[in-house]
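Only this structure's heavy atoms are used, side chains among them; waters, hydrogens and symmetry mates stay out.
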There are 2 protein chains.
Amino acid sequence: MPKSNIPATAKNRYLEYLGRNGLKSTVQRDIIIGEFFKTRGHVSAEQLHTALRGIHSSIGLATVYRTLKILADAGLAHERRFDDGFTRYECCAPDDNHHDHIVCLSCGLVQEFENDEIEELQRTVAANHNFRMLKHKLEIYGLCKACDEKKK
Amino acid sequence: MPKSNIPATAKNRYLEYLGRNGLKSTVQRDIIIGEFFKTRGHVSAEQLHTALRGIHSSIGLATVYRTLKILADAGLAHERRFDDGFTRYECCAPDDNHHDHIVCLSCGLVQEFENDEIEELQRTVAANHNFRMLKHKLEIYGLCKACDEKKK
DNA sequence: TTCGCTGCAAACCATTTGCACCCAT
DNA sequence: ATGGGTGCAAATGGTTTGCAGCGAA
C-alpha cells in the first residue's frame, strides 16, 4: 500500500479493523484503498474500478465494492447517495464534523459545507416533531459557476 | 374517477395535461389516481398496487408506475427518494411551498415541515459557493416518539 | 379506424452473492 | 492446511420497456 496516499492514522485504523474482524490484508485491497485515498473525492465503485483499469485491470468490480464496504464499516469512508442513482464513497476521519453537500447537476462537481446554524435549526425541528434525530442530510443541487456560464 | 378523493383543481389539471399531450383518460388511470389522492401520503408504486389488490387486482404494476409518472409530469405529484431504496410519490398542488421531511427509521412515518430560516440559509450557502441553486432536499432521519419509547 | 393504453414478461442497472480456485497466515 | 479473498457470472430488486392485443376518441 503506497503510504504516500494514505494518512498513517487511516492505515492503522484499517489494519486494526482487519485484525479485529478476522480479515486479511491483500494486494487488491491495498491497491484499491491506495487509489481511493489518492482520489480523495466522492467516488463510486465504478469510477474507482475504471481508474484502476490501466495498471490493475485484473481487479474485479465486485472486489472494489467489497473493499469500499469494509472502509465504510471501519469508519474510514462515508457512503453517500445523491440523486444520480449510484453510491459514492468519501474518505473521512472518525472525528470529522458532519457536513453537507452542494452538487452541480451539470458536471457532477460535489462541494462540502458546514453550517452550524442549519444544524441547530434541524435539532429544533426534530424536537418540535418529537423525533429523536439519528442522522440528517441536506443536499443543494444546482449549477456551479462554470456550468452556469457555459449555459448562457 | 371518484370525485370525492380528488380536488377539482387537480382533476382539471390532470385532464388538461392529458389533452395537451395527446394522452387518453382510462379506467385504470382513474382508479389509480383515485386511490393515490385517497391515500394522500408518501406512497410507492408497490404500495399503491398492493392497495388496489382486492378490488382491482387486474391492474398491472407497470401501469401504476406509468400513471404516477404522468402525475409527476403534470405537476400533481412529487417524486421523493428517501434512503430506503424506493421512490415514493406525494400529492401536491402546483403552488405549494417547498417543504422538507422527517422520517422515522423504525416505522417509516414521514412528516413534513417548512422552515424559512433554513431555506434562507441554504440560499446563502449556494451563493457563497457560486452555485445557482435549482433544488434542495433536507431529510431528518430518526425515531418518532412512539418508536423511541417502544425501544426503551 | 386510429393510436394510445394495458398486462405480461423480459430488460435494465447498480449492487450483491454463490462458487471454485487462490493465497495470506 | 485453514479459511478468508478473488474474479467471474449469475442473482437481486426496484423500475422501465417491448410487444401483441385492447379500447378511447
Side-chain angles (χ1 to χ4, degrees), chain A residues 1 14-36 42-53 55-74 77-89 108, chain B residues 1 14-36 42-53 55-74 77-89 108:
Chain A
M1 171 158 48
Y14 166 64
L15 294 173
E16 180 199 330
Y17 178 85
L18 292 186
R20 212 178 335 122
N21 292 81
L23 305 176
K24 290 173 181 168
S25 171
T26 70
V27 289
Q28 289 92 333
R29 286 180 181 167
D30 289 354
I31 291 167
I32 293 166
I33 295 173
E35 183 69 24
F36 174 67
H42 299 75
V43 243
S44 67
E46 191 75 48
Q47 288 174 318
L48 215 45
H49 185 239
T50 303
L52 297 173
R53 221 8 56 99
I55 317 185
H56 305 286
S57 59
S58 65
I59 293 183
L61 181 54
T63 301
V64 177
Y65 274 106
R66 288 187 274 232
T67 303
L68 288 173
K69 189 129 291 181
I70 289 177
L71 284 183
D73 290 343
H78 275 132
E79 283 191 344
R80 304 285 185 198
R81 253 174 290 271
F82 302 135
D83 273 356
D84 52 5
F86 48 88
T87 305
R88 299 169 189 227
Y89 288 82
Chain B
M1 172 156 48
Y14 166 66
L15 293 173
E16 180 199 330
Y17 178 85
L18 291 186
R20 210 177 338 119
N21 292 80
L23 304 177
K24 289 173 181 168
S25 171
T26 70
V27 289
Q28 290 92 332
R29 287 181 181 165
D30 289 354
I31 291 168
I32 293 166
I33 295 173
E35 182 68 26
F36 175 67
H42 299 74
V43 244
S44 67
E46 191 74 49
Q47 289 174 319
L48 215 44
H49 185 239
T50 303
L52 297 173
R53 210 35 29 111
I55 316 184
H56 305 287
S57 58
S58 65
I59 293 182
L61 180 55
T63 301
V64 177
Y65 274 106
R66 288 187 274 232
T67 304
L68 288 174
K69 189 129 293 181
I70 289 177
L71 284 183
D73 291 342
H78 275 132
E79 284 191 344
R80 303 287 184 196
R81 252 174 291 271
F82 301 134
D83 273 356
D84 52 4
F86 49 88
T87 305
R88 298 168 191 228
Y89 289 82

### Task
Give a yes/no on whether any side-chain N or O of B:Thr87 is located under 4.0 angstrom from OP1 or OP2 of D:dT15.
yes
### Query
C:dC13 C1' sits how many Å from A:Phe86 CZ, rounded?
12 Å
## Note on the structure
Here the distance between atom C1' of C:dT16 and atom CG of A:Leu68, to the nearest Å, is 14 Å
### Query
For A:Thr26, which residues count as a side-chain hydrogen bond (donor to acceptor under 3.5 Å, both in side chains) partner, sequence neighbours excluded?
none
### Query
Taking only residues two or more places apart in sequence or in another chain, which ones pass side-chain hydrogen bond (donor to acceptor under 3.5 Å, both in side chains) with B:Thr87?
B:Arg81
### Query
Just to confirm, is there a sub-4.0 Å distance from OP1 or OP2 of D:dT15 to any side-chain nitrogen or oxygen of B:Tyr65?
yes
### Query
Could you give the CZ-to-C1' distance, from A:Arg81 to C:dT15, as a whole number of Å?
10 Å
### Task
List in chain and number order the residues that pass side-chain contact (heavy atoms from CB on, under 4.5 Å) with A:Glu16, two or more places apart in sequence or in another chain; answer none if no residue qualifies.
A:Arg20
### Query
Reading nucleotides 1-12 of chain C from the 5' end, what letters show protein touch, with B for base, S for backbone sugar-phosphate only, - for no heavy atom under 4.0 Å?
--BSSBBB----
### Check: B:Thr63 main-chain N/O paired with B:His49 side-chain donor or acceptor under 3.5 Å
no
### Query
Could you state the CG-P distance from B:Asp30 to D:dG23, rounded to the nearest angstrom?
15 Å
### Query
What residues form a side-chain hydrogen bond (donor to acceptor under 3.5 Å, both in side chains) with B:Asp83, not counting sequence neighbours?
A:Lys135, A:Lys137
### Query
Please give, in whole Å, the distance from C:dC13 P to A:Asp84 CG?
15 Å
### Query
Starting at NZ of B:Lys69 and ending at C1' of D:dT17, how long is that distance when rounded to a whole Å?
12 Å
### Task
Sequence neighbours left out, what passes side-chain hydrogen bond (donor to acceptor under 3.5 Å, both in side chains) with B:Arg80? Give chain and number order.
B:His78, B:Glu90
### Rounded interatomic separation in angstrom, taking NE2 from A:His49 and P from C:dA14
14 Å
### Query
In whole angstrom, what separates B:Ile31's CD1 from D:dG23's P?
13 Å
